[in-house]
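Counting starts at 1 for both ligands and their atoms, following the listed order.
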Amino acid sequence: MSVEEKLKALYDLQRVATEVDKIRTLRGELPLEVQDLEDEIEGLETRISNYENEVKALNDSINEKKNDIKESGVLIKKYEAQQSNVRNNREFDSLSKETEFQKLEIELSEKRIKEFTADLATKQGVIESSKQLLGERKGDLAAKKKELDDIVSETKNDEDKRIKKIGQIEDTIEERLLTAFKRIRSNAINGLAVVPVERDACGGCFNKIPPQRQLDIKSRKKIIVCEYCGRILVDNEIDQEKVED
Ligand SMILES: [Zn+2]
């Protein structure tokens, strides 16, 4: 294989690889958006379940306090009955104190019930709004998943064809060169390892290329890399030659 043929093969490889990159860009953020929605839904479900447990605990506490109030009521009635049978003032006063204590207990329980009920309403509100949001997010997820599935099935064929083509081109390129190509490509943000000279500059990093170097590139006798970004440079005509097919 002449250097010229190597350059053409490398540029061809770059072109097809870029097409695959574009297909994947088209899918773009969708897989990530689907993942984000799934995470958010999981978070909402956990929150709802936690709040539902808290609501249950609050209801239990309210019932407990209601029972306490009943028990205090029973005690008060008992003390009042006992007061009509006392033998002295001391016993009467003692029962009055017990009654007073139970009345305070009732007040305290009523205060707690009020607090629990308010807390309950807040938590039920959160559950309500979380459930609504959950419903919306589930709808969003279904739509995104469909969008992703559609794009994947639409582009799968194109992608597979190009991946096969990449394999075929790679088979024609010597190991050392291919390794260099892959290394440069993986280091480049835009995935470009082979770039044409455009307007006297590197098509990858846009730094100017001196005229003599441009002539060397045009002669296609040597593989020349950009001294700034390390990308393999090809002349503009190779670019033109490859555009039409
Ligand atoms: Zn460059």
### Positive for side-chain hydrogen bond (donor to acceptor under 3.5 Å, both in side chains) with E159, one of K164, K22, R27
R27
### Task
With sequence neighbours left out, write down each residue that passes side chain to side chain donor-acceptor pair (under 3.5 Å) with R183, or none if nothing qualifies.
none
### Task
Tell me the protein N, O or S atoms under 2.8 Å from the Zn ion (ligand 1), in chain and number order.
C202 SG, C205 SG, C226 SG, C229 SG
### Message
Applying side chain to side chain donor-acceptor pair (under 3.5 Å), can you list everything that pairs with Q132, at least two apart in sequence or on another chain?
### Response
none
### Query
Is a side-chain donor or acceptor of Q14 paired with a backbone partner of G191 at a separation under 3.5 angstrom?
yes
Scan the side chains in residues 210-229 for donor-acceptor partners under 3.5 Å anywhere in the protein, sequence neighbours excluded, and list what turns up.
residue	atom	partner	partner atom	Å
Q212	NE2	D216	OD1	3.2
R213	NH2	V225	O	2.8
Q214	NE2	D200	OD1	3.2
Q214	NE2	I209	O	2.9
S219	OG	D216	O	2.7
R220	NE	D235	OD2	2.7
R220	NH1	E4	OE2	2.8
R220	NH2	D235	OD1	2.9
R220	NH2	D235	OD2	3.4
R220	NH2	E241	OE2	3.3

### Query
Just by distance, with hydrogens left out, do E80 and T99 show a side-chain donor and acceptor under 3.5 Å apart?
no
